[in-house]
Amino acid sequence: MDVAVADDGALFREGLQLLLSAAGHEVVGCVEDGDQLLELLAGAPVDVAIMDIRMPPGLDGGLDTAQRVRARHPDVGLLLLSQHAEAHYLYRLLEIGTERIGYRLKDQVAGVAVLADTLVRIAAGELVIEPALAVKLVDRPSPQARGPLADLTDRERAVLRLMAEGRSNAGIATELFLSVKSVEKHIAGIFTKLKLSMEPTAHHRRVLAVLAYLRSDRTAG
């Protein structure tokens, strides 16, 4: 696929370009900030635009740039990269969109396989969330924690983490070496315990429901 890269770090930008080329993607252009990315996209349509969250213009310019790109080029997939898994970045990203968009850590996409998988999922319309952030959202710091999350079994918690990453039922099944029917059964149990309604027609809506619950539950705790 055709990809554009925006990052104010020259070393990372060049390294990412090499990874993308090694994965068989066409790098249409590499720029240093959000304004340059918008100029690039105006004349060179791409499938996915990759950008650093903390790049110019502004402190969190990548998020502002992503919003501008989504407004002007709604069919372009967006991959936001960061040094740290921060929940507030995730929720700002979700305000931009819930389809063809992802949030990953820089050091986790420093490999052809992971980067390629992330781009394919975004281009296919998925919401892709950093696994480390899903773990932070789902796992309680204390085993004595109370509430609906504490009622989940270890297997349900593992399924919930992967749901929070944006994984499909088939993807969860592959990751946990389960059948799709077993995954569906676990998800039904999770939604019953968390008092969330199942949305069978749009996977990203299910993920949003889970994330909204986890955020509210974490805040309440």
Side-chain angles (χ1 to χ4, degrees), residues 1 3-6 25 46-53 60 62-82 84-106 108-109 113-139 156-176 180 183-184 186-187 190-191 194 196-218:
M1 63 186 73
V3 182
V5 175
H25 301 299
V46 300
D47 299 299
V48 178
I50 304 175
M51 64 203 79
D52 183 12
I53 285 181
D60 298 330
L63 288 164
D64 295 333
T65 299
Q67 190 168 15
R68 294 160 65 195
V69 171
R70 182 50 53 97
R72 300 183 191 183
H73 309 281
D75 294 330
V76 173
L78 303 171
L79 174 55
L80 280 293
L81 301 178
S82 175
H84 306 286
E86 301 289 351
H88 66 279
Y89 285 151
L90 170 61
Y91 292 114
R92 278 201 61 190
L93 178 141
L94 294 177
E95 292 175 357
I96 296 170
T98 59
E99 294 181 338
R100 299 184 307 282
I101 194 166
Y103 170 33
R104 297 300 309 265
L105 291 179
K106 284 188 172 183
Q108 295 302 311
V109 297
V114 174
L115 181 59
D117 175 72
T118 299
L119 292 178
V120 167
R121 291 174 59 198
I122 290 174
E126 291 191 31
L127 167 68
V128 181
I129 296 168
E130 177 58 44
L133 183 54
V135 170
K136 288 173 65 176
L137 289 168
V138 174
D139 285 350
E156 287 171 343
R157 194 177 293 274
V159 170
L160 180 60
R161 290 191 197 100
L162 293 172
M163 287 173 62
E165 290 177 30
R167 293 285 180 178
S168 65
N169 288 3
I172 295 172
T174 299
E175 189 76 17
L176 298 179
V180 173
V183 170
E184 292 172 351
H186 287 306
I187 290 174
I190 291 168
F191 273 72
L194 300 188
L196 293 170
S197 61
M198 180 69 78
E199 173 52 73
T201 59
H203 180 72
H204 74 277
R205 290 179 184 171
R206 183 183 70 181
V207 174
L208 284 176
V210 171
L211 291 173
Y213 177 84
L214 293 176
R215 176 169 64 167
S216 63
D217 187 69
R218 174 72 72 180

For the student: nearest non-hydrogen atoms of I190 and E156, plus distance: CD1-O, 3.2 Å
Which atom of T98 lies closest to which atom of L127, heavy atoms considered: O-CB, 3.5 Å
L176 to V159 - nearest heavy-atom pair and separation: CD1-CG2, 3.7 Å
Heavy-atom check, side chain of T174 versus side chain of R167, under 4.5 Å: no
Pairwise side-chain contact, R92 with H88, heavy-atom cut-off 4.5 Å (strictly under): no
Close side-chain approach of I53 and L63, heavy atoms under 4.5 Å: yes
R72: partners by side-chain hydrogen bond (donor to acceptor under 3.5 Å, both in side chains), with sequence neighbours left out: none
Side-chain donor or acceptor of Y103 paired with backbone N/O of E86 under 3.5 Å: yes
Candidate pair L79 and L119, rule side-chain contact (heavy atoms from CB on, under 4.5 Å), full reasoning: CA-CA 8 Å; L79 174 55; L119 292 178; 4.1 Å; yes
Sub-4.5 Å side-chain heavy-atom contact between Q108 and T118: no
Atom of E165, atom of R121 and distance for their closest heavy-atom approach: O-NH2, 3.4 Å
Partners passing side-chain hydrogen bond (donor to acceptor under 3.5 Å, both in side chains) against R100 (at least two apart in sequence or in another chain): none
Side chains of Y89 and E130 in contact at under 4.5 Å (non-hydrogen atoms): no
